[in-house]
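Note sheet for the following structure.
Each residue takes its place number in the sequence, starting with 1.
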Amino acid sequence: MPADAKSPIRLELAVTVLLDKRTIARRFWSVPAWSLAGVVAGEALIHQSRSGRQIRSAADGSESWSWSGYKVTLYKDACERYWHALIGDAPKVYVVCKEADPSEPREPLVVTIDYDEATAFAETDELVLSAPIPGDLYRYMEAFVLEHYRPQKFEKRKRRNWTAESEKERRRS
């Protein structure tokens with residue numbers, strides 16, 4: 001039995017999400033703008049429930065929030081996408097947040113390193129925030145890809161001879 005058949009199909013890593021909020025104010029209106037300050041990965045975060053707490057509030061109205069109890073899940077069948085992220089210019093971690101009342105903090109729904117998953121959420125008008133992937137999470141992703149990803153040999157497809165096929169069809173009729 002191959003070594004990767006014994007290993008789990010997925011790997012879950014505990015993370016804490018750090019979100020920043022600032023207020024964009026114009027003459028007659030103001031709107032909150034959220035950004036992803038970062039994601040912190042660590043084993044000590046596993047047993048915490050999903051909860052958010054304000055960790056900073058400034059006089060200018062900006063705030064920082066910490067959301068713990070989330071997990072990033074790596075799947076074997078997504079290894080090719082992870083590999084493309086690793087060889088890209090800047091691997092990112094994505095946090096999908098649910099719509100909230102402007103006076104309420106944005107609560108994360110999903111934390112992922114899969115660009116395709118993040119894009120799928122963005123296409124359904126969810127707020128998707130991104131930040132550079134932290135070193136710990138990068139190393140887990142890299143080890144996971146090295147263990148499970150085997151690139152498929154590229155084989156150029158052979159072209160069909162459409163003229164010969166249409167000639168055979170014409171002769172049969």
Side-chain angles (χ1 to χ4, degrees), residues 1-22 24 31-52 64-102 104-159:
M1 178 157 62
D4 65 319
K6 294 178 186 174
S7 61
I9 289 178
R10 66 177 185 228
L11 172 68
E12 291 183 339
L13 303 164
V15 295
T16 294
V17 177
L18 303 172
L19 296 176
D20 286 337
K21 174 190 167 190
R22 63 185 175 88
I24 298 173
V31 64
W34 289 88
S35 62
L36 179 60
V39 173
V40 180
E43 294 298 321
L45 308 170
I46 285 178
H47 300 295
Q48 296 180 1
S49 62
R50 283 190 179 190
S51 59
S64 292
W65 286 80
S66 170
W67 294 90
S68 59
Y70 289 86
K71 292 182 180 180
V72 172
T73 306
L74 303 174
Y75 297 94
K76 281 184 182 180
D77 61 350
C79 278
E80 186 168 5
R81 296 192 299 265
Y82 304 150
W83 178 74
H84 282 288
L86 287 169
I87 64 169
D89 291 336
K92 295 197 179 290
V93 60
Y94 304 95
V95 175
V96 180
C97 296
K98 71 178 176 180
E99 190 67 39
D101 184 320
E104 296 291 320
R106 288 285 185 142
E107 182 178 351
L109 288 174
V110 176
V111 182
T112 184
I113 55 174
D114 188 345
Y115 175 79
D116 291 347
E117 184 178 7
T119 302
F121 277 107
E123 288 175 353
T124 61
D125 293 330
E126 297 288 350
L127 175 65
V128 178
L129 305 171
S130 65
I133 194 167
D136 292 342
L137 197 52
Y138 182 93
R139 284 186 289 280
Y140 276 111
M141 184 168 119
E142 183 179 48
F144 192 80
V145 168
L146 287 173
E147 181 179 351
H148 299 294
Y149 180 58
R150 302 293 173 257
Q152 301 297 318
K153 183 181 176 199
F154 177 75
E155 293 183 20
K156 187 174 179 180
R157 66 182 173 99
K158 295 187 180 192
R159 301 182 106 192

Legend entry - Worked verdict on L19 versus L36 for side chain to side chain contact (heavy atoms under 4.5 Å, CB included): CA-CA 5 Å; L19 296 176; L36 179 60; 3.8 Å; yes
Inset, instruction - Kindly determine whether K76 and F144 satisfy side chain to side chain contact (heavy atoms under 4.5 Å, CB included), including the steps that lead there. - result: CA-CA 8 Å; K76 281 184 182 180; F144 192 80; 4.1 Å; yes
Inset, instruction - Start with the C-alpha gap between L86 and Y138, add the side-chain angles, then the distance that decides, and say whether side chain to side chain contact (heavy atoms under 4.5 Å, CB included) holds. - result: CA-CA 8 Å; L86 287 169; Y138 182 93; 3.3 Å; yes
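Counting all heavy atoms, side chain and backbone alike, E126 lies closest to K98 at OE1-CA, 4.1 Å. Here the shortest heavy-atom pairing between D116 and D114 reads N-OD1, 3.0 Å. Between Y70 and L109, the shortest heavy-atom distance links the atoms CE2-O, 4.1 Å. Considering all non-hydrogen atoms of both residues, P132 and V93 come closest at O-CG1, 4.0 Å. Shortest non-hydrogen contact noted between I24 and A33 is CD1-CB, 3.7 Å. Nearest heavy atoms, C79 versus H148: SG-CB, 3.6 Å.
No donor-acceptor pair closer than 3.5 Å links the side chain of Y140 to the backbone N or O of L13. No side-chain donor-acceptor contact under 3.5 Å links Y149 to the backbone of R81.
Between E80 atom CD and Q152 atom CD the span is 8.0 Å, to the nearest 0.5 Å. Residue L129 holds its CG atom at 12.0 Å from OH of Y94, rounded to the nearest 0.5 Å. The CG atom of L11 sits 10.5 Å away from the OH atom of Y75 when rounded to the nearest 0.5 Å.
Other residues, nucleotides and ligands place no more than 12 heavy atoms under 6.0 Å from the OH atom of Y115.
I113 has its side chain out of reach of P91: every pair of non-hydrogen atoms, C-beta onward, lies at least 4.5 Å apart. Side-chain contact check for C97 versus W34: every heavy-atom pair is 4.5 Å or farther apart.
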